[in-house]
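Here's the structure, in structure tokens; my notes come after.
So that the names make sense, note that chain A is the first sequence line, chain B the second, and so on, each numbered from 1.
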There are 2 protein chains.
Amino acid sequence: MTVKKVPKATLQRYPLYLKALRRLKKNGVQRIMSKELSSFVDIESTTIRRDFSFLGNLGKQGYGYDVDRLIEIFNAQLGVDFDEKIILVGAGNLGRALMNYNKWDHVVGEIACAFDMDESKAGVQFGVQIYPMTMLEEKIPEGCHIAILTISNNIQETVDRLVACGITGLVDFTHEHFLVPKGVAVKVVDVVSSIQELVFITNSMDSKAKKQ
Amino acid sequence: MTVKKVPKATLQRYPLYLKALRRLKKNGVQRIMSKELSSFVDIESTTIRRDFSFLGNLGKQGYGYDVDRLIEIFNAQLGVDFDEKIILVGAGNLGRALMNYNKWDHVVGEIACAFDMDESKAGVQFGVQIYPMTMLEEKIPEGCHIAILTISNNIQETVDRLVACGITGLVDFTHEHFLVPKGVAVKVVDVVSSIQELVFITNSMDSKAKKQ
DNA sequence: ATCACTTTGTGAAGTTCTTAACAAATTATT
DNA sequence: AATAATTTGTTAAGAACTTCACAAAGTGAT
């Protein structure tokens, strides 16, 4: 079963489904209907069915979906590739919080190692080896192509070096804008942006409420 | 100038624009054309113009946009409401990292106070007052409606309490799925989900490359 | 001032995503 | 075994979003 062209919008919902399914499994749910899942994740049942359909015929008419089977398939599709090496660039407060996160839930590969400008930070923290930034090219794991960026200085320069090392996916925790060449995907994770969006959303909900 | 109905997709790009504009300003750029900005943020110039148009006639034909003016307007629109009180729920590693973040860039209101299950954490950290979770209803600031969630236990229960206290916007750092009533907006911020998306995106880019 | 040039803001076309509606498939019941 | 009741997967309609294309409005040089 090879994956058809999955729409971007669908792609963004997959992690959400997986999270919800894991929760359901924990609650002892073994089978679920699209309609039931719908009220759980607040996405139309028909959207859910279409989203799932890109990965094959996962359900059975008149029965629904097997929770275990779904989890298995999502795990496979979402790259529970534990060989997937991820590096952490920046071992400041946020970086340390990420290293200490024991909740990666065995869903993606763990952080292989970390790098930091501050040479005095070199060593092992929370079980993760930290190298000085100068050793990036030397110590970056073979075949690694995802980096988590939690630095706040020399961002563009660092990104350029990472890209030169073969990084093609960046989880961006910085608060700055930087440029990447085509072919490199960036996923921005930013509290401030999130709050801004929320403020805007809740404001427009408020004004809508007032109009009524 | 009152805001027309802004499409969701546009909304998600506003923080990105603001970030880029701040960067441009720092680089000494005083005026910018949509086409120029386009290559900077990797969004079509016409999309940029339409996005901007929801907030009024911000540009001048034959001239472009004034960077300062844009920043000002985005600041205003994205709720640089410094009275906007934000609470932090959960003062663990991640929570502390957020409290210590000095990079909120004067863009959104600061964290007003924090709450944690662990009563021994009560006190002041990084200049933020931490209260025990039991005092939530008592100590939550007047008119506060945004909360950052970095807890890992009793999530649903805590969310319910927050909603009862008038919270209408949640920045969700937990790795669990929870339910909120209509009218409450949730913005999920999740490294794992981000990595999953990245893995998927970069994988499909790879297979596309192979086909060619 | 006039004219050539540039760039915005926006109708209209095109694309992508969502939802309604229903045939096909399966379960459950009699 | 046949029938009723579900629920999936998908076709087609609708909504949301993006992009094209160009009139309108400005700039800047002569």
> Do side-chain atoms of B/His177 reach the backbone of A/Phe40 as a donor and acceptor pair under 3.5 angstrom?
Replying inline: yes
Side-chain N,O ([X]) to OP1/OP2 ([N]) below 4.0 Å:
{"X": "A/Ser34", "N": "D/dT7", "result": "no"}
{"X": "A/Thr47", "N": "C/dT18", "result": "no"}
{"X": "A/Thr46", "N": "C/dA20", "result": "no"}

What is the distance, rounded to the nearest whole Å, between atom [atom1] of [X] and atom [atom2] of [N]?
{"X": "B/Tyr65", "N": "D/dT27", "atom1": "OH", "atom2": "P", "answer": "15 Å"}
{"X": "B/Arg31", "N": "D/dT27", "atom1": "CZ", "atom2": "C1'", "answer": "8 Å"}
{"X": "A/Lys5", "N": "C/dT16", "atom1": "NZ", "atom2": "P", "answer": "6 Å"}
{"X": "A/Arg49", "N": "D/dG9", "atom1": "CZ", "atom2": "P", "answer": "8 Å"}
{"X": "B/Leu37", "N": "C/dG9", "atom1": "CG", "atom2": "P", "answer": "13 Å"}
{"X": "B/Phe54", "N": "D/dA16", "atom1": "CZ", "atom2": "C1'", "answer": "11 Å"}
{"X": "B/Tyr63", "N": "C/dA4", "atom1": "OH", "atom2": "P", "answer": "25 Å"}
{"X": "A/Gln61", "N": "D/dT10", "atom1": "CD", "atom2": "P", "answer": "9 Å"}

> Between A/Asn154 and A/Glu157, does any side-chain donor sit less than 3.5 Å from a side-chain acceptor?
Replying inline: yes
> Which of parallel (below 30°), tilted (30 to 60°) and perpendicular (above 60°) describes A/Phe52 and A/Tyr65?
Replying inline: perpendicular
>> Please verify the inter-ring angle class for A/Phe74 with A/Tyr14; under 30° counts as parallel, over 60° as perpendicular, anything in between as tilted.
In response: perpendicular
> Which sits closer to the 5' end of DNA chain C, A/Gly62 or A/Ala9, going by the nucleotide each is nearest to?
Replying inline: A/Ala9
>> Checking side chain to side chain contact (heavy atoms under 4.5 Å, CB included) between B/Ile167 and each of B/Ile146, B/Val180, B/Ile140, which is the one that passes?
In response: B/Ile140
Of the nucleotides [options], which one has an atom closest to the side chain of [X]?
{"X": "B/Lys60", "options": "C/dC17, D/dG26, D/dC17", "value": "D/dG26"}
{"X": "B/Lys8", "options": "D/dC20, D/dG9, D/dC17", "value": "D/dC17"}
{"X": "B/Met33", "options": "C/dT26, C/dT7, D/dG28", "value": "C/dT7"}

> Has the side chain of A/Arg50 got a donor or acceptor that lies under 3.5 Å from a partner of the other kind on the base of C/dT19?
Replying inline: yes
